[in-house]
Amino acid sequence: MCVIDDVWASVGSDNINLRSWTHDSELDCVVLDESADPREPRDPGGLGDGARRFARNLRLELSREHLDREAPDREEPDAPDAADALCDPVGAFDAFAASAAALDSWYDGGRKGPRPPGRLRTYRPPDLSQPARALSMPLYRLLVDPDGRPFTLRRRNTY
């Protein structure tokens, strides 16, 4: 799943790697709906195309799932919208960072007390030695993420 600027959404099996683009059969559905989303920020990308309902609602639903937050009660028109902070991309990023930090701290502290809400953890890439990196990258490129383009396209770095 990919959402860009709350405007464009893609859902499917495509992965962002060379194997997915050159070897595997993938199926995606891209949605660009015409329904503008009235919530702020109205144009998060600053490109003048404005947020759309489907893309934003998809992003907010997945954000709430990863943060273990309930959906706002839409039945009461005057109820505060719990997703407002998540509508703003900076607010959403801050909520993700805070949730990951709380869960990391809980694990680092021996899992004492109630588990903090959320399903996010801080990603720490492995620190590989230079020899390990030199040995693993060719195998990674050959077996895990091969580039299936013809040699002439690989040489020009085009598709």
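Heavy atoms only: backbone and side chains are in, while hydrogens, waters and symmetry mates are out.
The closest side-chain heavy-atom distance from Leu153 to Pro150 is below 4.5 Å. Taking 4.5 Å as the limit, some side-chain heavy atom of Arg53 sits within range of a side-chain heavy atom of Pro38. For the pair Asp147/Arg141, no side-chain contact is recorded, criterion being any heavy-atom separation below 4.5 Å from C-beta on. Leu135 has its side chain out of reach of Gln130: every pair of non-hydrogen atoms, C-beta onward, lies at least 4.5 Å apart. Side-chain contact between Asp49 and Asp5 is absent, with no heavy atoms from C-beta onward closer than 4.5 Å. Between Ser13 and Ser25 the shortest side-chain heavy-atom distance does not fall below 4.5 Å. Between Pro146 and Leu18, every side-chain heavy-atom pair lies at or beyond the 4.5 Å cut-off.
Think of Trp106 as one node in a network of Ile, Leu, Val, Met, Phe, Trp and Tyr side chains linked at under 4.5 Å; its network also takes in Leu103, Tyr107. Taking a 4.5 Å side-chain heavy-atom cut-off between Ile, Leu, Val, Met, Phe, Trp and Tyr, the cluster of Val7 extends to Leu32. Residue Ile4 shares its hydrophobic cluster (ILVMFWY side chains chained together at separations under 4.5 Å) with Trp8, Val30.
The shortest heavy-atom contact between Cys87 and Pro41 is O-CD, 3.6 Å. Nearest heavy-atom pair, Ser20 versus Glu26, reported as atom, atom and distance to 0.1 Å: OG-OE2, 2.8 Å. When all heavy atoms of Asp43 and Gly50 are compared, the pair lying nearest together is OD1-N, 3.2 Å. The two atoms that bring Thr22 and Gly148 nearest to each other are OG1-N, 3.0 Å, heavy atoms only. Across Pro89 and Pro44, no two heavy atoms sit closer than the pair CG-CB, 4.0 Å.
Judged by distance alone, with hydrogens and angles left aside, the side-chain atoms of Asp14 form no donor-acceptor pair with the main-chain N or O of Asp28 at under 3.5 Å. In terms of modelled atom types and a separation under 3.5 Å, the side chain of Arg115 and the main chain of Gly118 share a donor-acceptor contact. Panel note: side chain Asp33, backbone Phe54; a donor-acceptor pair is recorded below 3.5 Å. At distances below 3.5 Å, not a single donor-acceptor pair connects side-chain atoms of Asp6 with backbone N or O atoms of Ala55. At least one donor-acceptor pair under 3.5 Å links the side chain of Ser63 to the backbone N or O of Arg59.
Heavy atoms of other residues, nucleotides or ligands lying less than 6.0 angstrom from CG of Asp127 number 12 at most. The number of heavy-atom neighbours closer than 6.0 Å to CG of Leu27, taken from other residues, nucleotides and ligands shown, is 12 or below.
For Met137, the side chain to side chain contact (heavy atoms under 4.5 Å, CB included) partners two or more places apart in sequence, or in a different chain, are Arg133, Tyr140. By the salt bridge (charged side-chain N to carboxylate O under 4.0 Å, His left out) test, Glu61 pairs with no residue at all, sequence neighbours left out. For Asp37, the salt bridge (charged side-chain N to carboxylate O under 4.0 Å, His left out) partners two or more places apart in sequence, or in a different chain, are Arg39, Arg56.
Here the straight-line distance linking atom CZ of Arg149 with atom CZ of Arg156 works out to 10.0 Å at 0.5 Å rounding. The distance from the OG atom of Ser105 to the NZ atom of Lys112 is 11.5 Å, given to the nearest 0.5 Å.
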Using the rule given for side chain to side chain contact (heavy atoms under 4.5 Å, CB included), can you reason through Asp24 versus Asn15, listing the C-alpha separation, both sets of side-chain angles and the distance that settles it, and then say yes or no?
CA-CA 10 Å; Asp24 299 334; Asn15 296 300; 5.6 Å; no
Using the side chain to side chain contact (heavy atoms under 4.5 Å, CB included) rule, take Val144 and Arg19 through it: C-alpha gap first, then chi angles, then the decisive distance, then the call.
CA-CA 8 Å; Val144 177; Arg19 180 181 187 91; over 6 Å; no
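Residues Leu60 and Leu62 do not share a hydrophobic cluster, defined by chaining ILVMFWY side chains whose heavy atoms lie under 4.5 Å apart. Under the 4.5 Å side-chain heavy-atom criterion for ILVMFWY residues, a single connected hydrophobic cluster contains both Leu120 and Leu86.
For Arg52 and Glu34, the salt-bridge test fails: no basic side-chain N is under 4.0 Å from an acidic carboxylate O.
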